[in-house]
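Comments concern the structure below.
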Amino acid sequence: MMGKVNIGSIFRNFRRKAAKHSPAILTGFGIAGMITTTVLAVKATPKALSLLDEERYRQKRELVDEGVDVKDLEGFKLKPVDTVKVAWKCYIPAVVSGFASTACLIGANSVHTRRNTALLTAYNLVQTTFSEYKDKVVEEIGEKKEKTVRNKINQERIKNDPPVSKTVIVSGKGEQLCRDGVSGRYFYSDIDTIKRAINAINREMTYEMYVSLSDFYDQINLPHTDVSDYLGWNLDDGLVDIDFGTCLADDEEHTGVPCITLDYLVAPRYDYSKLM
């Protein structure tokens with residue numbers, strides 16, 4: 001015997017999915033609405049032109065009846081106010097569709113803004129919690145032991161995500177295998193090059209008050225990532241500081257090859273351009 005269909009459960013599931021995908025749904029409706037608006041406006045134009053011709057003929061007949069010579073009415077045009085009065089009703093569907101489409105697009109943007117704000121709040125909370133936890137660990141076990149723990153973590157990351165040769169970026173600024181702590185990408189560079197990049201980015205930040213992660217990647221000749229434009233540092237949080245660790249790669253291409261790991265002591269954050 002088939003179980004009863006739970007209408008309430010189906011409705012709740014549909015509502016959750018609709019809420020989850022609401023930006024895409026609203027954007028789709030907005031785009032479709034704009035297309036519909038154009039179509040409705042095009043369809044309304046012939047009718048509007050016909051009504052304008054009728055009104056123009058009517059006004060000319062009235063002027064002729066009042067004694068105006070027909071020759072003087074050649075090139076006669078309706079006043080703008082009369083044009084609007086005659087034709088505006090034809091475009092009501094297009095105007096309504098345009099307003100509805102605009103509302104959908106504004107709504108989609110509003111949902112995106114609220115979600116990004118929530119993500120930003122969550123990210124900053126995690127960042128603050130991690131910073132406090134790290135400071136407490138250093139206080140409890142000391143800097144040397146904390147760095148040892150960090151190096152072991154980095155070694156585990158390299159083991160789980162080895163630097164396969166086709167994914168190693170050739171930056172043209174050094175030949176030492178390196179691993180970026182934020183993006184997890186492997187690239188060839190050297191400590192001196194990276195230190196010069198840190199100095200350059202810190203000089204820029206003292207003038208501009210903030211720099212993006214993309215700015216730092218430019219200094220070490222790495223391509224931007226999908227999020228590097230949105231992450232960065234603010235001078236209020238201190239200068240960019242990177243701790244260098246050394247681990248060993250153990251994949252087939254780089255067995256026993258030393259790998260410099262980059263740990264950002266001041267983590268880049270999302271709202272870095274916001275001046276305090």
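Just so you know, these numbers come straight off a predicted model, no measurement behind them. Quick note: numbers below take in every heavy atom, side chains included, and nothing from hydrogens, waters or symmetry partners.
Note: I201 CD1 to E208 CD = 10.5 Å, rounded to the nearest 0.5 Å. To the nearest 0.5 Å, atom CZ of residue R179 and atom CG of residue D263 are 9.0 Å apart. Separating the CD atom in Q155 from the CD1 atom in I158 is a distance of 5.5 Å, to the nearest 0.5 Å. In this structure, CD1 in I194 is found 6.0 Å from CD1 in I220, a value given to the nearest 0.5 Å. Note that CG of D190 and SG of C178 are 7.0 Å apart. Values are rounded to the nearest 0.5 Å. The line from CD1 of I260 to OH of Y188 is 12.5 Å long, rounded to the nearest 0.5 Å.
Around atom CG of N160, more than 12 heavy atoms belonging to other residues, nucleotides or ligands sit under 6.0 Å away.
Although no hydrogens or angles enter the test, the distance criterion places no donor-acceptor pair under 3.5 Å between the side chain of S183 and the main chain of D180.
D53 and S50 are not linked by any side-chain donor-acceptor pair at a separation below 3.5 angstrom, with hydrogens and angles left out of the test.
Evaluated for a side-chain contact (heavy atoms from CB on, under 4.5 Å) with T225, the options V227, L222, D229 yield exactly one hit, V227.
Cation-pi geometry between R185 and Y217 is satisfied (NZ or CZ under 6.0 Å from the ring centre, within 45° of the ring normal).
Here the shortest heavy-atom pairing between G238 and M205 reads O-CE, 3.6 Å.
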